[in-house]
2 protein chains.
Amino acid sequence: MPKPLYLQIRETLLARMADGTFRPGQPLPSEFALAKELDVSQGTVRKALDTLANDNLVMRRQGLGTFVPETTTERALFQFFRLTGTNGESLIPEPVSEEISRRPAPKRIAQRLEISTSAPAVRIRRVRALNGVTSTLEDVWLDPKHLPLPADGQPLPNALYTHYQRSYSVSIVRAEDFISAVAAPDHVAEAIGIPVGGPVLLVRRDAFDLSGRLAETRESYFRTDGFGYSVTLR
Amino acid sequence: MPKPLYLQIRETLLARMADGTFRPGQPLPSEFALAKELDVSQGTVRKALDTLANDNLVMRRQGLGTFVPETTTERALFQFFRLTGTNGESLIPEPVSEEISRRPAPKRIAQRLEISTSAPAVRIRRVRALNGVTSTLEDVWLDPKHLPLPADGQPLPNALYTHYQRSYSVSIVRAEDFISAVAAPDHVAEAIGIPVGGPVLLVRRDAFDLSGRLAETRESYFRTDGFGYSVTLR
DNA sequence: TAGTGGTCTAGACCACGCA
DNA sequence: GCGTGGTCTAGACCACTAC
């Protein structure tokens with residue numbers, strides 16, 4: 001019992017995005033061109049493209065074409081940065097400091113990255129501000145075999161996802177967040193200017209690329225006076 | 001410049017769900033029947049139904065029909081209860097205590113419900129347990145003109161949304177959560193057995209019905225040792 | 001067997017962006 | 001004016017459910 005045609009087409013198109021045949025920012029061939037090449041009707045190609053557009057995996061613009069989305073800074077912020085002000089206004093994080101190191105990952109991180117605790121992993125520790133107030137410390141962990149990351153000392157873009165895509169052709173398309181409240185550890189409290197043990201939001205995030213592979217895992221601490229994590233369920 | 005036909009059909013069908021012409025648990029007329037009645041092609045009705053199904057506003061089952069979803073307990077838990085264990089397992093809240101009262105709402109609540117701070121509102125204060133551990137206290141606030149709610153002393157179902165639908169034909173279809181970390185206030189700490197001032201997750205939720213109207217607002221405190229709020233972004 | 005939604009096709013016309 | 005995606009239609013056949 002094979003999958004429906006349009007889902008097979010979807011997989012084909014996704015594979016071409018993952019392997020670089022279709023590149024971010026570039027248009028896909030037109031519906032008719034794809035239909036002819038893949039030997040199905042234009043309506044079936046359309047249905048495949050519709051499901052992809054629905055998952056934010058392509059962007060369609062009438063009169064222009066169907067595009068592989070670029071992980072622009074705006075897009076990364078809009079799609080994946082869920083912190084808003086108390087009234088729902090969006091916020092833009094401003095860099096305060098960052099530090100890249102290579103070190104063995106703690107067990108819980110190593111497990112998520114599926115690497116050994118003795119192998120060195122890349123850790124990016126960033127402190128950022130919201131509305132001018134230093135309010136977040138986050139540790140991003142990467143498997144260097146997958147995302148080697150730049151030499152130390154080189155400044156990172158504010159939006160890492162943009163950088164993954166441009167430098168390594170890794171497009172982040174899905175993130176799973178696990179949110180809890182914890183007492184601020186010493187280094188967090190110091191970095192973001194709150195009392196040790198004060199309540200902070202801890203967001204553990206696993207981010208996945210086009211092929212469904214885990215690309216990074218991060219742990220972000222936020223002070224939440226004046227803002228919070230917003231999400232809509234339907 | 002009128003809306004596309006299929007969106008007009010969508011609105012028509014939504015209106016019929018909101019006004020009770022189509023009732024929860026009941027099937028809609030078939031695609032062909034709707035097409036004939038509304039004088040459009042079956043494909044257009046299908047497209048309207050597809051968008052509704054995509055938003056979880058109808059449920060389609062091949063060979064059976066298209067149904068107005070019932071807010072079953074399972075559905076309410078699956079769709080709107082985002083607390084999971086550390087490894088992502090779903091959790092089922094068990095009632096510990098509840099107390100219904102009518103009282104003026106604090107200003108921030110009154111503003112969200114769009115009622116006056118002097119008018120009495122309904123407050124449901126519930127304490128619930130997860131995995132046998134008392135871990136959440138939540139205050140649900142209602143506008144009695146919209147959802148009068150049962151006489152005191154009468155037990156409430158564990159899932160309020162089910163009750164709203166059965167007793168008042170109010171179907172909750174969308175919720176907006178705003179999540180922060182706070183120091184546990186006295187009454188929360190006492191209720192869920194943690195130290196006063198310890199970190200707890202505070203989830204403020206606005207829940208909306210089929211017609212887009214705010215049906216309730218709630219503030220839930222959770223201790224997050226052993227579980228957390230899970231969400232997937234794409 | 002009858003009726004439902006699911007897939008697939010084919011073709012017409014519209015709205016938009018651009019040269 | 002041309003090519004793109006967006007809407008709408010019509011009809012064929014498949015897969016599932018109920019009786």
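Chain naming here is simple, since letters A, B, ... match the order of the sequence lines and numbering starts at 1 in each. Values below: every heavy atom of this structure, side chains too, minus hydrogens, waters and symmetry copies.
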Compare all side-chain heavy atoms of B:L201 with those of B:R223 and state whether any distance is below 4.5 angstrom. no

- Query: Any side-chain heavy-atom pair from B:T86 and B:F227 closer than 4.5 angstrom?
  - Reply: no

Specify the separation, in whole Å, of atom [atom1] of [X] and atom [atom2] of [N].
X: A:L28; N: D:dG3; atom1: CG; atom2: C1'; result: 16 Å
X: B:D39; N: D:dT9; atom1: CG; atom2: C1'; result: 12 Å
X: A:R46; N: C:dA10; atom1: CZ; atom2: C1'; result: 13 Å
X: B:N54; N: C:dG6; atom1: CG; atom2: P; result: 12 Å
X: A:Y6; N: C:dT9; atom1: OH; atom2: P; result: 13 Å
X: A:E31; N: D:dG6; atom1: CD; atom2: P; result: 7 Å
X: A:F32; N: C:dC13; atom1: CZ; atom2: P; result: 14 Å
X: A:K3; N: D:dA15; atom1: NZ; atom2: P; result: 17 Å

- [ ] Report yes if a donor N or O on one partner sits less than 3.5 Å from an acceptor N or O on the other, where the partners are the side chain of A:R60 and the base of D:dG6; otherwise report no.
- [x] no

Of A:L64 and A:Q8, the one whose nearest nucleotide on DNA chain C sits closer to the 5' end is A:Q8

Between A:L7 and A:G63, whichever has its closest DNA chain C nucleotide further toward 5' is A:L7

[X] side chain N/O closer than 4.0 Å to the phosphate oxygens (OP1, OP2) of [N]?
X: B:T66; N: C:dT4; answer: no
X: B:K47; N: D:dC8; answer: no
X: A:S30; N: D:dT4; answer: yes

### Query
When the ring centroid of A:F178 is compared with that of B:Y229, is the distance short of 6.0 Å?
no

For the residue pair A:R10 / A:T51, report whether a side-chain donor-acceptor contact shorter than 3.5 Å exists.
yes

* **Test log, rule salt bridge (charged side-chain N to carboxylate O under 4.0 Å, His left out), inputs A:R218 and A:E216** => CA-CA 7 Å; A:R218 59 172 72 183; A:E216 61 147 59; 2.7 Å; yes

